[in-house]
Asks: 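Would you mind keeping the following structure in view while I ask a few things?
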Protein chains: 2
Amino acid sequence: MAIHKKDEFSQKEQDLATFAKALSHPARIAILKVLAQKNECICGEIVAVLPLAQSTVSQHLKELKTAGLISGETDGPRSCYCINWKAFEKFITDFNTLFEKLKSVNTKCC
Amino acid sequence: MAIHKKDEFSQKEQDLATFAKALSHPARIAILKVLAQKNECICGEIVAVLPLAQSTVSQHLKELKTAGLISGETDGPRSCYCINWKAFEKFITDFNTLFEKLKSVNTKCC
DNA sequence: ATCTTAGATCGTAAATATACGATAAGTAAA
DNA sequence: TTTACTTATCGTATATTTACGATCTAAGAT
């Protein structure tokens with residue numbers, strides 16, 4: 001029980017799931033928006049906008065970073081984050097490819 | 001602590017997060033593939049293909065259904081599931097729109 | 001009417017996610 | 001050096017997810 005079986009799926013399926021998981025919380029979607037709209041992607045600005053504690057935002061940022069969707073540099077006492085477009089687009093493409101493929105095969109059974 | 005604050009984000013952010021969450025497990029991605037590739041989208045065929053117990057697959061199907069990505073009809077003693085393309089494409093479009101928008105605004109700060 | 005089959009649901013255990021406050025660690029300014 | 005500021009990390013509580021076996025339900029077969 002509760003022994004996770006994620007590893008028994010294909011790498012592509014796991015990658016897509018990991019990407020989706022990174023986006024599966026509204027706070028992380030909001031963070032991505034802020035990162036793109038501000039020229040200076042300072043952590044503090046994100047904290048100011050979101051209805052969450054600083055430590056919680058930091059945790060969400062870490063998850064986005066671990067998933068490879070953003071990258072961060074420490075800049076003096078601050079941290080500068082930005083979107084990792086390369087990895088991001090790779091996933092978007094994979095998603096679209098998968099769904100395009102699914103759509104062409106589908107034959108509406110119900 | 002642990003009082004979820006998802007409701008404090010915008011509806012669009014919540015919708016995208018819900019969609020992403022539905023796709024955030026490789027089993028559910030695999031299920032969507034099977035649903036598209038088989039003409040007869042019978043639950044049993046999914047169970048046969050996945051490395052999971054019947055009850056677990058049923059649970060994943062329920063989550064996909066709750067998220068609106070698939071719909072299901074009981075057909076005698078069996079259950080027929082299929083992909084809800086309308087809702088599916090709505091989300092895909094929203095995703096692409098969001099990311100396209102983000103991309104155009106970004107100015108590479110780090 | 002009973003048996004079989006397919007699937008959903010219940011109960012449960014363990015893992016993971018969410019959130020916060022407190023604290024640590026590092027830089028900049030006084 | 002001390003102080004203030006910014007962010008990361010730790011500890012912790014609670015909620016949710018994942019997974020299974022067992023059981024319930026409903027339809028079809030005998």
Side-chain angles (χ1 to χ4, degrees), chain A residues 1-9 13-14 17-18 20-31 34-35 38 40-67 70-82 110, chain B residues 1-9 13-14 17-18 20-31 34-35 38 40-67 70-82 110:
Chain A
M1 313 123 187
I3 295 154
H4 281 207
K5 299 203 162 179
K6 291 181 181 173
D7 295 342
E8 298 186 29
F9 294 90
E13 284 162 353
Q14 288 185 55
T18 300
K21 193 174 189 178
L23 296 171
S24 72
H25 194 287
R28 292 194 286 270
I29 299 219
I31 286 172
V34 175
L35 283 185
K38 298 265 179 185
E40 314 233 32
C41 41
I42 305 301
C43 177
E45 300 187 35
I46 301 169
V47 174
V49 174
L50 300 198
L52 296 171
Q54 177 265 320
S55 57
T56 306
V57 171
S58 200
Q59 207 171 292
H60 282 304
L61 283 166
K62 195 179 181 184
E63 280 172 71
L64 286 169
K65 201 174 175 183
T66 301
I70 65 174
S71 49
E73 287 172 13
T74 39
D75 168 32
R78 303 182 214 77
S79 283
C80 171
Y81 283 102
C82 63
C110 51
Chain B
M1 314 124 188
I3 295 155
H4 282 209
K5 299 203 162 180
K6 292 181 181 174
D7 296 341
E8 298 187 29
F9 295 90
E13 285 163 354
Q14 289 185 53
T18 300
K21 193 173 190 181
L23 295 172
S24 71
H25 194 289
R28 292 195 284 270
I29 299 220
I31 287 172
V34 175
L35 283 185
K38 297 265 179 184
E40 314 233 33
C41 42
I42 305 301
C43 177
E45 299 186 36
I46 301 169
V47 174
V49 173
L50 300 198
L52 296 171
Q54 177 264 319
S55 57
T56 306
V57 171
S58 200
Q59 207 171 292
H60 281 303
L61 283 167
K62 195 179 180 182
E63 280 173 70
L64 286 169
K65 201 174 175 182
T66 300
I70 65 174
S71 48
E73 287 172 14
T74 40
D75 167 31
R78 302 181 214 77
S79 283
C80 172
Y81 283 102
C82 63
C110 51

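Per chain, numbering begins at 1; letters A, B, ... match sequence-line order.
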Asks: Under 4.0 Å: is that the gap between some side-chain N or O of A:K21 and OP1 or OP2 of C:dA17?
Replies: yes

Asks: When rounded to the nearest 0.5 angstrom, what is the spacing between CG in A:L52 and OG in A:S58?
Replies: 12.0 Å

Asks: Would you kindly give the CD-to-C1' distance between A:Q59 and C:dG21, to the nearest whole Å?
Replies: 13 Å

Asks: Could you state the CD1-P distance from A:I31 to C:dA19, rounded to the nearest angstrom?
Replies: 10 Å

Asks: Should A:H4 be listed as having a side-chain N or O under 4.0 Å from OP1 or OP2 of C:dA14?
Replies: no

Asks: Once you round to the nearest 0.5 Å, how far does SG of B:C82 lie from CD1 of B:I70?
Replies: 8.5 Å

Asks: Using a cut-off of 4.0 Å on non-hydrogen atoms, how would the nucleic acid contact of A:S58 be classed: base, sugar-phosphate, or nothing?
Replies: base

Asks: Do B:Q14 and B:D7 come close enough that some side-chain heavy atom pair is under 4.5 Å?
Replies: yes

Asks: Taking the side chain of A:A53 as its heavy atoms from C-beta onward, which of D:dC20, C:dA19, C:dC20 lies nearest to it?
Replies: C:dC20

Asks: How long is the line joining CD1 of A:I42 and C1' of C:dG26, in whole Å?
Replies: 15 Å

Asks: Quick one: pull up CD in A:Q54 and CD in A:Q59 and give me the separation to the nearest 0.5 Å.
Replies: 11.0 Å

Asks: Got a list of protein N/O to nucleotides 23-28 of chain D N/O distances below 3.5 Å?
Replies:
none

Asks: Considering heavy-atom distances to DNA chain D, does A:F9 or A:C43 have its closest nucleotide positioned more toward the 5' end?
Replies: A:C43

Asks: May I ask you to decide if the ring planes of B:H60 and B:H25 are parallel, tilted or perpendicular, using 30° and 60° as cut-offs?
Replies: tilted

Asks: What integer distance in Å separates A:E8:CD from D:dC20:P?
Replies: 9 Å

Asks: Pick the closest DNA chain D nucleotide for A:T56 and for B:H60 by heavy atoms, then say which residue is nearer the 5' end.
Replies: A:T56

Asks: Using heavy atoms to find the nearest nucleotide of DNA chain C for A:L52 and A:K6 separately, return the residue whose nucleotide is more 5′.
Replies: A:K6

Asks: Rounded to whole angstroms, how far apart are CD on B:E63 and P on C:dA8?
Replies: 13 Å

Asks: Does a side-chain N or O from A:S79 land closer than 4.0 Å to OP1 or OP2 of D:dA8, or not?
Replies: yes

Asks: Could I get the full list of side-chain contact (heavy atoms from CB on, under 4.5 Å) partners for A:K62, not counting sequence neighbours?
Replies: A:T66

Asks: Atom CD of A:Q14 to atom C1' of D:dT18: distance rounded to whole Å?
Replies: 15 Å

Asks: Going from CG on B:L23 to CD on A:E13, what distance comes out if it is rounded to the nearest 0.5 angstrom?
Replies: 12.0 Å

Asks: For A:L61, which contact category applies under a 4.0 Å heavy-atom criterion: base, sugar-phosphate, or nothing?
Replies: nothing

Asks: Quick one: on DNA chain C, does B:V57 or B:K5 contact a more 5' nucleotide (nearest heavy atom)?
Replies: B:V57

Asks: Which part of the nucleic acid, if any, lies within contact of B:K65, taking any heavy atom under 4.0 Å across all strands shown: a base, the sugar-phosphate backbone alone, or nothing?
Replies: nothing

Asks: B:R28 side chain N/O closer than 4.0 Å to the phosphate oxygens (OP1, OP2) of D:dT18?
Replies: yes

Asks: Nearest to the A:S55 side chain among C:dA19, C:dC20, C:dT9, which nucleotide is it?
Replies: C:dC20

Asks: Rounded to the nearest 0.5 Å, what separates atom CD in A:E45 from atom CG in A:L35?
Replies: 10.0 Å

Asks: Output the rounded distance in Å from NZ (A:K62) to C1' (C:dT18).
Replies: 14 Å

Asks: Rounded to whole angstrom units, what separation is found between the CG atom of A:D7 and the C1' atom of D:dA19?
Replies: 15 Å

